[in-house]
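Sequential numbering from 1 along the given sequence is applied to the chain's residues.
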Amino acid sequence: MVLLSKTQSKSDVELRGQVERVTYHNEENSYTVLKLKANGNPTLITVVGTLIGVTAGEVLKLMGSWVNHAKYGQQFQVSTYETVVPATVKGIERYLGSGLIKGIGHVFAKRLVEKFGADTLNIIENSIERLSEVDGIGTKRLSMIQTAWAQQRDIKDIMLFLHGYGVSTTYAIKIYKQYGKDSIKTVQLNPYRLATDIYGIGFLTADKIARTLGFDEGSELRAEAGILYVLHQLADEGHVYYPYEPLIAKCMDVLGMSREQIVKAFGTIAYEKKITIEDISTDDEVLINNKAVYLTKYYVCETSITENLMDLYTRSKTLRNFDHVKALLWVQKELNIKLHPMQEEAVRQSFDKKILIITGGPGTGKTTILNSIIKIYKQLGQRILLTAPTGRAAKRLSETTGLEAKTIHRLLDYSFKDGGFKKNDKNKLETDLVIVDECSMVDTILMHHFLKSVPAAATLILVGDVDQLPPVGAGFVLRDIINSERFPLVKLTEIFRQSKNSLIIVNAHKINHGEFPILIREVCLHTKDNKEAADFYFFEIEEPENIVKKIVELCTTRIPERFKLEPFKDIQVLTAMNRGTIGISSMNQALQQAMNTSKETLERGGRVFKVFDKVMQLVNNYDKDVFNGDIGRIIRINNELQELTVDFDKRHVVYDYNDLDELTLAYAISVHKAQGSEFPAIVMPIHTQHYIMLQRNLLYTGITRGKKLVVLVGTKRALYLAIKNDKQQLRYTHLKNRLKELNKK
């Protein structure tokens, strides 16, 4: 197999040898730096160039030229190369032990060459069943090796084909997993499929491949794929639909095509039901020509939410024949509490109304209301289900109520095999009362699936803080339901006495009201003889580099010593953006280096994972039963099986090395990813370097994630700017108006 990196020159010379180690590899363009043990050369040679999927132990025949690098000295610059089968027993052992083939690590590589000698590779290629003659290789491992051997051969062909089109090695493997041996054929017929079929490959990459393959930039296929790409991008920004004329303008700008071409493509994909175009009326004055364009799945979800909410609300309440007054007196005695009049009203409405919304900030008594409702319903023999959008939120709900709570995904019982939720409109949940906590972060698609599963006889209670950030996904369901003024609402505003002692709660409400918080200087965090330590501190530091140093110190020594908290388990750094000195990526590198000294490492695509690392899942993976935002710790790296194991709250989940783009380090995470979670201690940089993200609701959401301690590190100017910026990002949704219109009918 010959792979070309640039035009071969007449001056090219040949070099043969075995790869000793790969010192650098760029996943995106396959630029590689490696050390080669060349035939007849006593010292290792530095080789540079575009080499696809090369691993330590491979024998290469290289064509290229010698160059002198100003900093690194003499190097061999590759123009073309091909993989050669290792000729010596030692070479074969190193080749197989490099991790190239899943199921063969150093141990089995040694056993194989001891058994078959120089004929080992020929045995694997032509008589692979004979590997079972080697101790430890049973049916399962044999099958794994057989599959991996075939795959690595096919994947290299795909890498060769795709490399010229800007597709990284990681994505080439994903393409192979999706399409198998038909990968090249599929890409040649319609490269735009990659944008929708493969996680991580967007329209721009697919478009680049299509152009190289000769697809006309004015083709209707390109226009159709481009429109869907733009709509998906807008959905990622939170829009459920987009106005017709502005959408056309966006598509023209992105695709460089005429209005006529775009409008024609609109018609085609609307006919194919990929999009839905609807004439709607709204009191928000955001539409031009009153035309809205939806990706059809969002149209179905929004209309379904409307119908299911109204159908549930208009049903008769089944909970009757008991004295509400006596129930309220009884529950206060049982829980040894005195309900505030607003809390009493919330509990009372849960008896009378089919749907009830409870909203309010921290310390306003939402938990007390829920415990009172649950206590009475339980006493009456009612079936109760508790749920929340994230695992951490569900765990907290369970801890505060004493009942089991599940994530919405697990409550609805997603089946990867069946390709959907087992609980749906045909198979409803079995319950009399269902409570959804942290409802402000439930997006349009998830709410659609959830409401389909709620039985008509049940009571639904939605609980959340509408002043927090909107959902990561499209829509702002809780806000729209509240603003429709269609359903009973209890809005809690008073901070209860016990909560007034917490500066976290007091300052959260101050910030939410546009007021500057009470700041306690950093020196107070040093005072070890202060028995009653505060729970909210501010470190004023101007330089971003010094902010990073301070945060590392806080997480590794200061907070653990002062508050007896565990760095990995209890302390979470939240930041606003991915880039910059105090961004997620840089913070994670600094914290990983300071907090994790493990020598068991794995490098993929410029990212380093270590055993004991704190990591987060980036996408919903129903097959593994892990979801976007779940946080765990790496407990095992197995180079032989090419697997990494993560402990998610005592559930061990195995990742193939090719799926590691689903994971990221989580010493520092975004405020958005922290929604629905609560941590004992929050450390949060706030600086004008993240000027674009200095928003009141982001700061408010971040602070309210802290349970026992919040520490802000940065400048008062940035804090002031964030508090004063109360501008809400516009999201195009029509749920509020749909509910209002049904109310009129």
Is [X] atom [atom1] crowded by more than 12 heavy atoms from other residues, nucleotides or ligands, each under 6.0 Å away?
{"X": "Lys395", "atom1": "NZ", "result": "no"}
{"X": "Arg651", "atom1": "CZ", "result": "yes"}
{"X": "Glu430", "atom1": "CD", "result": "no"}

[X] vs [Y] side-chain heavy atoms within contact, under 4.5 Å:
{"X": "Tyr192", "Y": "Phe203", "result": "yes"}
{"X": "Ile275", "Y": "Tyr299", "result": "no"}
{"X": "Leu295", "Y": "Thr276", "result": "no"}
{"X": "Ser453", "Y": "Leu412", "result": "yes"}
{"X": "Leu234", "Y": "Tyr229", "result": "no"}
{"X": "Leu478", "Y": "Ile357", "result": "yes"}
{"X": "Val436", "Y": "Leu460", "result": "yes"}
{"X": "Leu739", "Y": "Ile481", "result": "yes"}

Relative to the ring of Phe648, is the ring of Tyr655 parallel (under 30°), tilted (30 to 60°) or perpendicular (over 60°)?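 If you compare the ring of Tyr655 with that of Phe648, the planes turn out tilted.
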Less than 3.5 Å apart, any donor N or O on the side chain of [X] or [Y] sitting next to an acceptor on the other?
{"X": "Asp465", "Y": "Tyr700", "value": "yes"}
{"X": "Asn308", "Y": "Ser304", "value": "yes"}
{"X": "Gln261", "Y": "Ser258", "value": "yes"}
{"X": "Asp480", "Y": "Thr733", "value": "yes"}
{"X": "Asn483", "Y": "Lys740", "value": "no"}
{"X": "Gln617", "Y": "Asn628", "value": "no"}
{"X": "Gln675", "Y": "Gln468", "value": "no"}

Give the intermediate values and the outcome of side-chain contact (heavy atoms from CB on, under 4.5 Å) for residues Val434 and Val454. CA-CA 8 Å; Val434 58; Val454 177; 4.3 Å; yes
Please report the C-alpha distance between Asn621 and Glu662 in whole Å, then the side-chain angles of each, then the deciding distance to 0.1 Å, and finally whether the side-chain contact (heavy atoms from CB on, under 4.5 Å) criterion is met. CA-CA 9 Å; Asn621 188 321; Glu662 293 187 9; 3.0 Å; yes
Is a side-chain N or O of [X] found less than 3.5 angstrom from the main chain of [Y], in a donor-acceptor match?
{"X": "Glu217", "Y": "Arg211", "value": "no"}
{"X": "Arg315", "Y": "Ala457", "value": "no"}
{"X": "Lys406", "Y": "Leu386", "value": "no"}
{"X": "Arg486", "Y": "Met310", "value": "no"}
{"X": "Thr296", "Y": "Lys273", "value": "yes"}
{"X": "Thr390", "Y": "Gly676", "value": "yes"}
{"X": "Asp432", "Y": "Arg383", "value": "yes"}
{"X": "Asn725", "Y": "Leu694", "value": "yes"}
{"X": "Ser219", "Y": "Asp216", "value": "yes"}
{"X": "Thr359", "Y": "Lys491", "value": "no"}

Is the shortest side-chain N to carboxylate O distance from [X] to [Y] below 4.0 Å?
{"X": "Asp625", "Y": "Arg410", "answer": "yes"}
{"X": "Arg222", "Y": "Asp207", "answer": "yes"}
{"X": "Arg259", "Y": "Glu245", "answer": "yes"}
{"X": "Glu278", "Y": "Lys291", "answer": "no"}
{"X": "Lys423", "Y": "Asp413", "answer": "no"}
{"X": "Glu224", "Y": "Arg193", "answer": "no"}

Stacked cation flag Lys353 on Phe487, 6.0 angstrom / 45 deg: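 No - Lys353 does not lie over the ring of Phe487 by the 6.0 Å and 45° rule.
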Once you round to the nearest 0.5 Å, how far does [atom1] of [X] lie from [atom2] of [Y]?
{"X": "Thr186", "Y": "Gln178", "atom1": "OG1", "atom2": "CD", "result": "9.0 Å"}
{"X": "Lys354", "Y": "Tyr313", "atom1": "NZ", "atom2": "OH", "result": "11.5 Å"}
{"X": "Lys250", "Y": "Leu231", "atom1": "NZ", "atom2": "CG", "result": "11.0 Å"}
{"X": "Ile305", "Y": "Glu302", "atom1": "CD1", "atom2": "CD", "result": "7.0 Å"}
{"X": "Ile227", "Y": "Lys274", "atom1": "CD1", "atom2": "NZ", "result": "10.5 Å"}
{"X": "Leu735", "Y": "Arg479", "atom1": "CG", "atom2": "CZ", "result": "10.0 Å"}

Would you please test Asp197 and Tyr179 for side-chain hydrogen bond (donor to acceptor under 3.5 Å, both in side chains) and show each step? CA-CA 10 Å; Asp197 291 351; Tyr179 307 124; 2.8 Å; yes
Work out which heavy atom in [X] is nearest to a heavy atom in [Y]; give both atom names and the distance.
{"X": "Ala393", "Y": "Glu438", "answer": "CB-CG, 3.9 Å"}
{"X": "Gly180", "Y": "Ser183", "answer": "O-OG, 2.5 Å"}
{"X": "Ile355", "Y": "Leu309", "answer": "CD1-O, 3.4 Å"}
{"X": "Ser440", "Y": "Phe476", "answer": "O-CE2, 4.2 Å"}
{"X": "Met441", "Y": "Pro389", "answer": "CG-CG, 3.4 Å"}
{"X": "Val293", "Y": "Tyr244", "answer": "CG2-CD1, 3.7 Å"}

Ring centroids only, cut at 6.0 angstrom: are His409 and Phe627 within range, meaning strictly under it?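 Between His409 and Phe627, the centre distance is under 6.0 Å.
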Centroid-centroid distance, His239 to Tyr242, less than 6.0 Å: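 Judged by ring-centre distance (under 6.0 Å), His239 and Tyr242 do meet the cut-off.
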Please determine whether side-chain contact (heavy atoms from CB on, under 4.5 Å) holds for the pair Asp437 and Thr387, giving the CA-CA distance in whole Å, both sets of side-chain angles, and the decisive distance to 0.1 Å. CA-CA 6 Å; Asp437 198 13; Thr387 188; over 6 Å; no
With a 3.5 Å cut-off and sequence neighbours excluded, list the donor-acceptor pairs that the side chains of residues 264-271 form with protein atoms.
residue : atom : partner : partner atom : Å
Thr268  : OG1  : Glu220  : OE2          : 2.7
Thr268  : OG1  : Lys264  : O            : 3.3

In sequence, state the C-alpha distance, the side-chain angles, and the governing distance for Ile358 and Ile461, and then conclude on side-chain contact (heavy atoms from CB on, under 4.5 Å). CA-CA 7 Å; Ile358 302 171; Ile461 298 178; 3.9 Å; yes
